[in-house]
Amino acid sequence: MTITTKLTLGVLSSYCWIDENTLNGTNCSESLLKFSDLDAISLQQIPPIKRRRLNGLSRMAMHSSLECLQHAKIEPSDVFTVFASQHGELNRTVNIVNDLVQNEDISPKDFSLSVHNASLGLFSIFNKNKNVGTSIAANHNTFGFALLESYNILKSNPDKKVLLTCFDMQVGQPFDRLQPRPEPSYSLALVLSLEAEQTVSFTFDRNGDTQKHAMSVPPLALSFFEFIQGNQLTLQHQTPDTRWEFSKNAV
Amino acid sequence: MRPLENEIKEVIIESLDLEDISIDDIETEEPLFGDGLGLDSIDALELGLALKKKFDIKLDSNSEESKKHFYSVRTLADFIEQQKQGAA
């Protein structure tokens, strides 16, 4: 599958949080870190009795989503949502399976939060958001297909805005050994519309040349964030099976 | 105040991630669920598991009796003492 037509989206706001404690061995560039929030998450906007349900993945996703929306002065209840995560609650699931193997009782809280759309569900409940919400995983192309999904939603609802949040926790044992190099825990949020001052076009080619794939490129979401924050006008990003191309459009 | 009641409050705070709440904030006779502390059904399950591990008690998750035991810290303490006496 190849999309040769350029798809164009407006980026109203972007916010990226990266866990400073997971940078060891990753290849995050200096400029990416400069543009990102590296501070500990406090989420003071949410009352403690609710905040306690947000740990790990959901906490990161909620933080970058709310900061991004606040920056764009958009109510969290108004947006359509696309939440994307390659690994989802993998680490939590591994803990649950470990408990099962050892005949331990499983934590009901862990079980209830172990589904892929848990973060999206918590976002919609906490913000009383009753709009369409989509939860996506697509291997190395997770962010790209989340962008495509956002585009589809906006084409059907041209007057709406989409909150796209793409996030992953650093993969723990035992699956970390399947990765060529560790990736940091991060959460990128974007507020997208069809029209905006800053628009970005993208195309992708699913017959990408796997030979050229650098084994250690950062996650697509982080490459994209560095691209829109920086001065480059174009970005090419090769995942193992897809070539993504992005370009900024002159105002 | 029985020492057991404070132990139960510690288990509540720890197992339910109530990071901003201290032992003194939990009223011994206030309802834990709904209006009082504001805990929900997942909390009930999580708390049941934590109390089982900590005090080695038996719980029947479906019974009306369990609901009564989980009303407040005081009723939980009564229940745990009763179970321990039964076992002794």
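Predicted model only: the values in this text are computed from it and were never measured.
- For the atom pair B/L16 CG and A/R52 CZ, the distance stands at 5.5 Å (nearest 0.5 Å).
- Interface residue A/S112: only side-chain heavy atoms are found under 4.5 Å from chain B.
- Annotation for A/D159: atom CG counts as buried by contact number, over 12 foreign heavy atoms lying within 6.0 Å.
- Between B/I42 and A/R53, the closest side-chain pair of non-hydrogen atoms falls below 4.5 Å.
- Taking a 6.0 Å sphere around CZ of A/F111, one finds it holds 12 or fewer heavy atoms contributed by other residues, nucleotides or ligands.
- Of all non-hydrogen atoms in A/I106 and B/L49, the two that sit nearest each other are O-CD2, 3.6 Å.
- Contact check on B/D17 versus A/K109 returns a salt bridge, with a Lys/Arg side-chain nitrogen under 4.0 Å from an Asp/Glu carboxylate oxygen.
- Annotation: A/N98, atom CG; neighbour count of heavy atoms from other residues, nucleotides and ligands within 6.0 Å is above 12.
- Shown here is B/E14, whose CD atom has no more than 12 heavy atoms of other residues, nucleotides or ligands within 6.0 Å.
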